[in-house]
Amino acid sequence: MNSTTNTSFISPRKILIIAQSTVTQLVRMKVFWFLAPIALLFLGLQFFDVFWYEGPEASQPQQELQMHKNLCLGTMMLFGSLFAIVSTALLIPRDIEDRTLYTILCKPVPRLDYLCGKLLGVIFVIGVAMLVMDLLLVITLHFRTQEVLGEMDGFLESLGWPDDVVAQKKADIAAHGPTLTLQFGVLAHFFKAAIIAAVALLISTFSTSTIFTIATSVLVWIIGALQSIAREAFLNDDTLGESTSWAAKILGTLVSLIFPDFQVFEAVADAAARASEIMAADMIKIAGLAFFYLGIYTVLSWFVFSDKEF
Amino acid sequence: MSKGLAVEIKNLVKDFKPSLRAKTIRAVDDVSLSIQAGDVYGLIGPNGSGKSTTMKALLGLLSPTSGTCSIFGQDSMKVDSRNDVGFLPENPYFYKHLTGAETVRFYGKLCGMKGAELEDRVREMIALVELDAASDRRLGGYSKGMLQRIGLAQALVQDPRLVILDEPTAGVDPTGSRQIRDLILTLKERGITVFLCSHLLEQVQEICDQIGIIHHGKMVREGRLEDLISLEDRTELILDKPSPELLEKIRHLVAAQEGTTLISEGHPRTTLESLFLEETK
Ligand SMILES: Nc1ncnc2c1ncn2[C@@H]1O[C@H](COP(=O)(O)OP(=O)(O)OP(=O)(O)O)[C@@H](O)[C@H]1O
Ligand SMILES: [Mg+2]
């Protein structure tokens, strides 16, 4: 008998091979074309004055910049998440339907490696898409900030305010430009999209159709976004007696375990849009949370997938 | 020349339950079979008799309801058992967005191959299945027979010691199917074990050492081919350009012999397959 190479439980090389093939697959499915309309949207915003913006005399000249950021970040969040759901939901059920999976699992590829590879590939593509959108955002925002600053310059000078007040005013505006804080917001949306991809991965391991996977993932996404509101309403419901309130609490905890809680990510992204300071500690916290969710959903997916028959 | 068992299936039972309320279907019912390393084993049986299910269980794609499968002594449910196997599923589909060469390369990488060794192997495999001209085209544009060939190239990429082929000649033209037959014979010469199932009994008969007949999930007959099909008490003579006088003499001799009867006499026919091969050369 010749030497049998031991296939370890999880092999980074095989994960990378699967991830690479997933990226190729998505790229050749021309998914990056969806960036074209987004680019147009971002550029279009550039030439579009917000209707309530009243010129440099307004008390809040930053509003124009904030509006731009809100729209762009919102678009990135929406497209990032939808992209995560749709592409993940398309990949695995399709491999099963096309029986491509047979041929892959017949090679010495552990099932966990296959799942991790698929997820990694999708997350990589989301990352690239986010980066492109981020770049567009930074460029358009940069020009817009320059424009507002230019307008302010003339206006503040005509008022004849002391220099330090003018400098403060300008610094306030610059804080609404393309800053590191803004990047934190983008990162929060990226984490969110990655988690949504992991949720879609889990659902696609037991669902039998693409459409079910997409619909359920969108539902989880919405529940995740509304979760804390729902939980509060549930826990504060007085019609539930004393004795049932602990049951409600358990249920609430259960919901928060099953569905990802996106509130923290939303909070960071909101703070970024408002240009309020974000602590590095907060970023580490959400990064940790994101990895925690990714890990949980991947392990759950693997539990379902390892017993699956084809 | 026993070199150990390549495949051992013991009392395999596989039930399917299509939905919660449907009653279970027993696709494979207590099948046992073993294949000596170096043999070519043909599993034949009607549609739905459990051939593909047996193969999938052997590859760990399905977990047996009861019984065990092993490949070169390793349990099929373990990933390691797949190091030495190449599998061609029935009606194979691969990623449509990859080209022929990329497909073979992808599967080679999954088997842990890399670098120049992998590239050489990819070229060798593409040449083996005669897809050189189409190797840079995406599989989306391949015909059924071409997909089958790529499937074969993919199965053989890591030079496995066992090859499992589920209807390797389905959808392949007679010339191609003859080539696949020759390929299997080459594999056999190199000492590779082949486990195949096919509905082309003529080919199975030509290449297999050992046959199993499966029906309704049960193994109904198993054994070495020559034992199963030879009619020991009959003999066939085929003569090239015999004179009428010679034939007459033979008939007289036979008639004179006590206990021997002449069962049939006539011109042997060429098979449709050979005729097709002759005409499309
Ligand atoms: N995933 C499945 N779920 C339910 N029933 C199945 C499943 N796979 C196979 N079967 C059933 O198991 C039986 C055996 O199927 P199998 O595919 O092994 O037949 P086969 O011998 O390969 O036939 P063919 O010559 O048509 O390829 C059939 O009755 C089939 O309906
Ligand atoms: Mg079959």
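Computed from a prediction, not measured in an experiment: that's the story for all the values here. In what follows, chains are A, B, ... by sequence order, proteins preceding strands, each numbered from 1.
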Identify which part of D95(A) has an atom lying under 4.5 Å from any heavy atom of chain B, answering side chain, backbone, both or neither.
side chain
For L88(B), is it the side chain, the backbone, both or neither that has a heavy atom under 4.5 Å from a heavy atom of chain A?
neither
Under a 4.5 Å heavy-atom cut-off, does chain A meet the side chain of K56(B), its backbone, both or neither?
side chain
Among G86(B), C111(B), S81(B), G60(B), which has the most heavy-atom pairs under 4.5 Å with chain A?
C111(B)
Under a 4.5 Å heavy-atom cut-off, does chain B meet the side chain of R111(A), its backbone, both or neither?
side chain
In terms of ring plane angle, is the pair F34(A) and F79(A) parallel, tilted or perpendicular, where the classes change at 30° and 60°?
parallel
If the plane angle is over 60° it's perpendicular, under 30° parallel, otherwise tilted; pick one for Y95(B) and H97(B).
tilted
Would V138(A) and Q183(A) satisfy side chain to side chain contact (heavy atoms under 4.5 Å, CB included), going step by step from the backbone distance to the final call?
CA-CA 9 Å; V138(A) 167; Q183(A) 296 306 307; 3.4 Å; yes
Can you tell which part of K78(B) gets under 4.5 Å to a heavy atom of chain A, answering side chain, backbone, both or neither?
neither
Applying a strict 4.5 Å limit to non-hydrogen atoms, the region of R13(A) in contact with chain B is side chain
Centres of the F305(A) and Y114(A) rings: under 6.0 Å?
yes
In short, side chain to side chain donor-acceptor pair (under 3.5 Å) pairs touching residues 58-71 of chain B with sequence neighbours left out are E309(A)-S63(B)
Hey, can you pull the donor-acceptor pairs under 3.5 Å for the side chains in residues 126-135 of chain B, sequence neighbours left out?
{"unit_1": "E130(B)", "atom_1": "OE1", "unit_2": "Q179(B)", "atom_2": "NE2", "d": "3.4"}
{"unit_1": "S135(B)", "atom_1": "OG", "unit_2": "D132(B)", "atom_2": "O", "d": "3.3"}

